[in-house]
Visitor: 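Supplied in structure tokens, the structure appears directly below.
Below, each value reflects all heavy atoms present in this structure, side chains not excepted, and no hydrogens, waters or symmetry copies. A note on names: the letters A, B, ... follow the listed sequences, proteins ahead of strands, and every chain is numbered from 1. Note that the coordinates shown come from a computational prediction; the quantities given were computed from them, not determined experimentally.
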There are 2 protein chains.
Amino acid sequence: MTDIPVSTGADIFITKFSSYIDLSEQEQQIIEEFTRSSMTFDENQDIILESEKSSSAYLLQSGWAIRYKVVPDGGRQIISFLLPGDIFGFQESLFELSDDSVQALTPVTVHRIPAEKIAEICDNYTNLSLALTWARAREHAILTEHIVRLGRRNAYERLGHLLLELLHRLQLVDKAGQSDYFLPLTQEVLADTLGLSIVHVNRTLRKLRNDHMIELDPKTRRLRILDQEALSDVTGYDQSYLGQKEQPASSIQDAIGPK
Amino acid sequence: MTDIPVSTGADIFITKFSSYIDLSEQEQQIIEEFTRSSMTFDENQDIILESEKSSSAYLLQSGWAIRYKVVPDGGRQIISFLLPGDIFGFQESLFELSDDSVQALTPVTVHRIPAEKIAEICDNYTNLSLALTWARAREHAILTEHIVRLGRRNAYERLGHLLLELLHRLQLVDKAGQSDYFLPLTQEVLADTLGLSIVHVNRTLRKLRNDHMIELDPKTRRLRILDQEALSDVTGYDQSYLGQKEQPASSIQDAIGPK
DNA sequence: GCTGCGCATTTACATAGGTTACTCCTGATC
DNA sequence: GATCAGGAGTAACCTATGTAAATGCGCAGC
């Protein structure tokens with residue numbers, strides 16, 4: 001949650017996109033512009049999209065959020081995690097489709113991009129608009145993989161697979177070390193994500209610990225994956241759907257502060 | 001599979017989009033143009049996307065297809081169904097992301113839209129390009145609902161929910177009656193879609209039949225949903241994510257031939 | 001009119017995961 | 001420093017769903 005202040009918040013997005021495409025000076029300027037103003041949300045606060053159906057988009061600067069739906073019997077299914085560097089709301093909100101909600105899991109800061117700006121970008125900035133398309137396709141791939149996770153893997157595989165995905169997504173935006181990161185999720189959140197009960201998440205987490213796959217301190221919420229290759233193997237994880245290089249360089253940043 | 005020949009194949013797409021947006025004469029012409037040539041695929045044949053990474057899109061004119069992924073242990077998870085009127089391949093194929101496959105379940109005919117054409121459309125035709133965005137958002141909503149289905153519903157609810165979704169999606173393109181349609185799916189396909197075993201799909205189908213929720217003749221493959229309201233209730237189904245009006249008019253077409 | 005194959009169906013049995021209920025810990029509040 | 005609430009951890013028990021194996025049926029090929 002506590003970010004090391006970077007020159008401007010734009011870096012995170014530029015870094016992320018640069019894994020796929022290089023933006024021009026001018027395009028980077030545009031992003032900088034957006035990051036000048038921001039909104040913040042508290043833990044557990046709903047991030048409003050409902051009220052304003054005007055189809056703006058949001059850049060997530062820091063913190064974790066979730067997209068989720070509730071089912072009639074009161075259950076909740078978490079659809080996806082929104083992590084720093086993610087962009088959201090730029091397609092769903094346009095239509096009356098998909099009545100899901102977005103909620104902050106930790107304190108969150110976002111930058112708003114008005115609908116007109118998006119249209120302008122699409123019309124005039126090739127690379128940036130391609131980056132948007134890439135982000136959409138990536139989100140699509142992540143949803144697809146979540147479906148496979150839920151449909152065809154057991155609890156152990158689901159958990160391990162998710163923890164690996166989060167590691168690699170966070171690494172892309174320099175929010176994780178080589179093999180560890182801050183995981184601000186309760187077991188209830190994990191359960192609602194993976195279609196399991198809390199009790200079984202607990203059991204499974206214990207098993208992962210006993211198998212020396214992970215270390216997780218419930219106090220500090222620091223997760224360390226002890227053997228990525230072994231865990232990838234047993235969970236059937238293949239990071240290629242995230243569209244990033246293997247093992248992004250761990251950064252000095254990791255040594256100097258919590259992420 | 002055997003479609004009543006319509007003037008040109010374009011109708012189906014125009015009808016579908018018209019549920020959201022009205023296309024200009026010229027835009028309708030463009031669609032007509034695409035539908036002049038087509039490719040066909042046999043049952044069980046893979047519909048190639050892999051080989052040509054050139055990011056063309058495809059309009060599905062007739063037949064059923066699936067997007068799926070295989071997991072290391074040999075299992076298969078079906079991500080989504082592609083039905084007549086659907087457009088696919090216009091975002092996934094651009095990138096190296098998401099190594100899923102598309103396969104025909106029945107004989108299928110598609111129309112190809114070259115990448116350049118898509119770009120041209122986005123630049124010059126407001127409504128048509130909005131229709132594309134809408135189609136993307138709708139697909140996103142359907143994936144989201146599939147995640148909820150897999151994560152938070154039991155076998156009975158999953159099956160009923162899916163059968164309702166298919167009914168309503170088919171109705172939008174006049175391929176279903178008020179409450180029945182041709183369902184070319186084996187129980188294995190249903191199992192691979194819903195994250196269940198074949199045996200349990202069989203059990204659950206029987207239960208739906210015994211409860212007088214559905215009628216399904218394995219010979220003719222005709223499915224009839226006997227009480228949509230009751231079934232929607234027990235399965236927690238709410239069609240709003242499909243973005244179409246309730247109960248599209250049943251058509252005369254339904255009376256004169258198989259769909 | 002056999003033969004074989006794909007698919008639906010059923011039974012018996014095994015197990016992953018759900019449910020309930022309780023304990024323990026820690027940190028916030030009064 | 002007592003009380004309370006949220007979260008982790010555990011145990012006992014229950015059930016939805018998976019697995020294995022066998023049967024029957026209809027259709028295609030010979």
Visitor: Determine the interplanar angle of the B:H161 and B:Y241 rings, folded into 0 to 90°, and report it as parallel if under 30°, tilted if 30 to 60°, perpendicular if over 60°.
Guide: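 Judged by the thresholds at 30° and 60°, the geometry between B:H161 and B:Y241 is parallel.
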Visitor: Output yes when at least one side-chain N/O atom of A:R221 is less than 4.0 Å from OP1 or OP2 of D:dA8, else no.
Guide: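 For D:dA8, OP1 or OP2 has a side-chain N or O of A:R221 closer than 4.0 Å.
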Visitor: Can you check the A:D217 CG to D:dG9 P distance for me, whole Å?
Guide: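 Rounded to whole Å, this separation is 10 Å.
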Visitor: A:Y237 and side-chain hydrogen bond (donor to acceptor under 3.5 Å, both in side chains): which single residue from A:E229, A:E157, A:H168 fits?
Guide: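 Result: among A:E229, A:E157, A:H168, A:H168 is the only option passing the side-chain hydrogen bond (donor to acceptor under 3.5 Å, both in side chains) with A:Y237.
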Visitor: Whole angstrom is fine here: how far is it from CD in A:E157 over to P in C:dA16?
Guide: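 Distance check: A:E157 CD to C:dA16 P gives 12 Å.
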Visitor: If you look at every strand shown and take non-hydrogen atoms under 4.0 Å, does A:T186 touch a base, only sugar-phosphate, or nothing?
Guide: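 If one applies the 4.0 Å heavy-atom cut-off, A:T186 turns out to touch the sugar-phosphate alone, with no base involved.
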Visitor: Let me know the distance between CG of A:L208 and P of D:dG9, rounded to the nearest Å.
Guide: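 In whole Å, D:dG9 P and A:L208 CG are 13 Å from each other.
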Visitor: Between C:dA8, D:dA8, D:dT17, which nucleotide has the shortest distance from any of its atoms to the side chain of A:Q187?
Guide: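 Looking only at heavy atoms from C-beta outward on A:Q187, the closest nucleotide is D:dA8.
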Visitor: If we ignore angles and hydrogens, is there a donor and acceptor under 3.5 Å between the side chains of B:H140 and A:E139?
Guide: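 Yes, side-chain donor-acceptor contact under 3.5 Å.
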Visitor: Pick the closest DNA chain C nucleotide for A:L196 and for B:R203 by heavy atoms, then say which residue is nearer the 5' end.
Guide: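 The answer here is B:R203.
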Visitor: For A:Q103 and A:I66, indicate whether the former's side chain and the latter's backbone hold a donor-acceptor pair under 3.5 Å.
Guide: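 Pair absent, no side-chain N/O of A:Q103 close to backbone of A:I66.
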Visitor: Rounded to whole angstroms, how far apart are CG on A:L183 and C1' on D:dA8?
Guide: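 My rounded result for the distance is 14 Å.
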Visitor: I want to verify a distance call: between D:dA8, C:dA16, C:dT10, whose nearest atom is closest to the A:P218 side chain?
Guide: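 The answer is D:dA8, which lies nearest to the side chain.
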Visitor: B:R158 near the nucleic acid: base, sugar-phosphate alone, or nothing, with a heavy-atom cut-off under 4.0 Å?
Guide: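 The answer is nothing, as B:R158 stays clear of every strand by at least 4.0 Å.
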Visitor: Would you indicate, yes or no, if C:dA16 has its OP1 or OP2 atom less than 4.0 angstrom from a side-chain nitrogen or oxygen of A:R153?
Guide: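 Indeed not, no polar side-chain atom of A:R153 lies that close.
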Visitor: For B:N202 and C:dT9, is the shortest distance between a side-chain N/O and OP1 or OP2 below 4.0 Å?
Guide: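 True: B:N202 side-chain N/O within range (under 4.0 Å) of C:dT9 OP1/OP2.
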Visitor: Side chain of A:V199, heavy atoms from C-beta onward: which of D:dT10, D:dG18, D:dG7 has the nearest atom to it?
Guide: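 Looking only at side-chain atoms, A:V199 lies closest to D:dT10.
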